[in-house]
Amino acid sequence: MLLDPGPGTLIRCAKSRPPLDPTQLDAIILSHQHIDHANDVNIMIEAMTNGGFSKKGALFAPRSALEDDPIVLKYVRDYLNEIFVLKEGATYTLGDIEISTPLRHIHPVETYGIVFKTPRYTISFIVDSRFFPDLIDKYKKSDLIIINVVRYDGKGGKKLDVDHLNLEDVKKIIKGIRPKQAILTHFGMTMIRSKPWEIAEKIEKEIGIKTIAASDGMEFDLEKQLL
Ligand SMILES: [Zn+2]
């Protein structure tokens, strides 16, 4: 599965060592249509389906990404086996994985966080959002959370009025959910400059939940790393 194919996804796949083969994908998921999350969706549908010659796979996307700002081109939609329109409170299945979207996030466009339930793990992808308490309640039963931390808004700093999480919000969420592990990702420049790996260490010390900062190309082995 590929979640949120932002700009450069196909090139990243090709440059990865060993390369990641897009024809092995079963599904592409868009949390919302913003360009940093969806720019390469058409390219990746083409790549997944061998330019449309091998009709296959599924696309999961909010209605808004398909209709209001139709970021998915019409001609590539025919290359897919199925298109699932994401809705709040819905559950979908893909093989033995249950995919659910328990909550519409507060973000300028229709946006959903994604929960993946495998036979062994529950993994929540807490995507772009303004902070609100449901982010804790709806993702409470997660073994692993992956969370988009765009803003740092350091100590005493004024919170910028945007529909994104900052570090304090993310700490509240990790504390509230208490997963086995948390992975921070989707850093804006204020986070990058503040060294996300050091921030992750501090969170782990402060809250007592294993926390790591994602980096480009990072692999995470569920069986070995999520004990
Ligand atoms: Zn966004």
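Residues: numbered from 1 along the sequence shown. In this text, all values refer to a predicted model and were calculated from it rather than measured experimentally.
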- Taking every non-hydrogen atom, the tightest pair across Lys175 and Arg178: O-CG, 3.1 Å

- Item | Stepwise side chain to side chain contact (heavy atoms under 4.5 Å, CB included) check, Phe116 with Ile114 | CA-CA 7 Å; Phe116 300 96; Ile114 320 276; 3.5 Å; yes

- Query: Closest approach of Val127 and Asn148, non-hydrogen atoms and distance?
  - Reply: CA-ND2, 3.5 Å

- Verify the cluster assignment for Ile177 and Ile106: are they in a single hydrophobic cluster under the rule of side-chain heavy atoms below 4.5 Å apart? yes

- Task: Could you tell me which residues satisfy salt bridge (Lys or Arg N to Asp or Glu O under 4.0 Å) with Glu201, sequence neighbours excluded, listed by chain and number?
- Result: none

- Query: Is the number of heavy atoms from other residues, nucleotides or ligands within 6.0 Å of NZ (Lys117) greater than 12?
  - Reply: no

Tabulate below the donor-acceptor pairs under 3.5 Å that side-chain atoms of residues 210-220 make, not counting sequence neighbours, or state none.
residue : atom : partner : partner atom : Å
Thr211  : OG1  : Ile209  : O            : 2.9
Asp216  : OD2  : Arg12   : NH2          : 3.3

- Item | Joint cluster assignment, Phe131 & Ile145, ILVMFWY side-chain distance < 4.5 Å | yes

- Just wondering, do Leu167 and Ile203 contact through their side chains at under 4.5 Å, heavy atoms? yes

- Charged N to carboxylate O below 4.0 Å: is that the case for Arg63 and Glu67? yes

Mind listing the side-chain donor-acceptor pairs of residues 80-91 below 3.5 Å, one per line with the distance, residues two or more places apart or on another chain?
residue : atom : partner : partner atom : Å
Glu88   : OE2  : Arg104  : N            : 2.8

- Can you list the steps and then say if Tyr112 with Ser31 is a side chain to side chain contact (heavy atoms under 4.5 Å, CB included)? CA-CA 5 Å; Tyr112 298 100; Ser31 65; 5.9 Å; no

- Query: Quick one: do Val115 and Phe132 end up in the same hydrophobic cluster if we chain Ile, Leu, Val, Met, Phe, Trp and Tyr together by side-chain heavy atoms under 4.5 Å apart?
  - Reply: yes

- Message: Suppose the criterion is side-chain hydrogen bond (donor to acceptor under 3.5 Å, both in side chains): which pairs have a residue in residues 132-142, not counting sequence neighbours?
- Response: His105-Tyr139, Ser124-Ser142

- Query: Which atom names give the shortest non-hydrogen contact between Ile174 and Ala182, and what distance separates them?
  - Reply: CD1-CB, 3.9 Å

- Message: Quick one, His186 with Asp4, criterion side chain to side chain donor-acceptor pair (under 3.5 Å). Give me CA distance, side-chain angles, the key distance, then yes/no.
- Response: CA-CA 11 Å; His186 198 350; Asp4 282 357; over 6 Å; no

- Query: Which value, rounded to the nearest 0.5 Å, describes the distance between Arg193 atom CZ and Phe187 atom CZ?
  - Reply: 14.5 Å

- Query: Between Ile146 and Thr185, does a side chain to side chain contact (heavy atoms under 4.5 Å, CB included) hold up when you go through it step by step?
  - Reply: CA-CA 7 Å; Ile146 302 159; Thr185 190; 3.9 Å; yes

Return a table of donor-acceptor pairs under 3.5 angstrom between the side chains of residues 40-62 and protein atoms on other chains or two or more places apart.
residue : atom : partner : partner atom : Å
Asp40   : OD2  : Gly8    : N            : 3.1
Asp40   : OD2  : Thr9    : N            : 2.8
Asn42   : OD1  : Leu73   : N            : 2.7
Asn42   : ND2  : Ile71   : O            : 2.9
Glu46   : OE2  : Tyr75   : OH           : 2.7
Thr49   : OG1  : Ile45   : O            : 2.7
Thr49   : OG1  : Glu46   : O            : 3.4
Thr49   : OG1  : Gly52   : N            : 3.2
Lys55   : NZ   : Asp78   : O            : 3.0
Lys56   : NZ   : Thr23   : O            : 2.4
Lys56   : NZ   : Leu25   : O            : 2.7

- Query: Met191 and side-chain contact (heavy atoms from CB on, under 4.5 Å): which partner among Asn166, Val170, Val150, Ile199?
  - Reply: Ile199

- Listed by chain and number, what are the salt bridge (Lys or Arg N to Asp or Glu O under 4.0 Å) partners of Arg17, not counting sequence neighbours? none

- State, to 0.1 Å, how close Lys172 and Ile136 come at their nearest heavy-atom pair, and which atoms those are. O-CD1, 3.7 Å

- Item | Leu184 side chain reached by Pro196 side chain, heavy atoms, under 4.5 Å | no

- Would you indicate whether the side-chain heavy atoms of Leu30 and His37 approach each other to under 4.5 Å? no

- Item | Trace of the side chain to side chain contact (heavy atoms under 4.5 Å, CB included) decision for Ile99 with Ile29 | CA-CA 10 Å; Ile99 298 170; Ile29 305 175; 4.3 Å; yes

- Item | Side chain Arg77, main chain Leu66, donor-acceptor under 3.5 Å | yes

- Message: What I'd like to find out is whether the side chain of Leu144 reaches to under 4.5 Å of the side chain of Tyr121, using heavy atoms alone.
- Response: no

- Query: Which pair of heavy atoms, one from Leu165 and one from Arg130, lies closest together, and at what distance?
  - Reply: CD2-C, 4.1 Å

- Message: Within the 3.5 Å criterion, strictly below it, is a donor on His107 or His34 matched to an acceptor on the partner's side chain?
- Response: yes

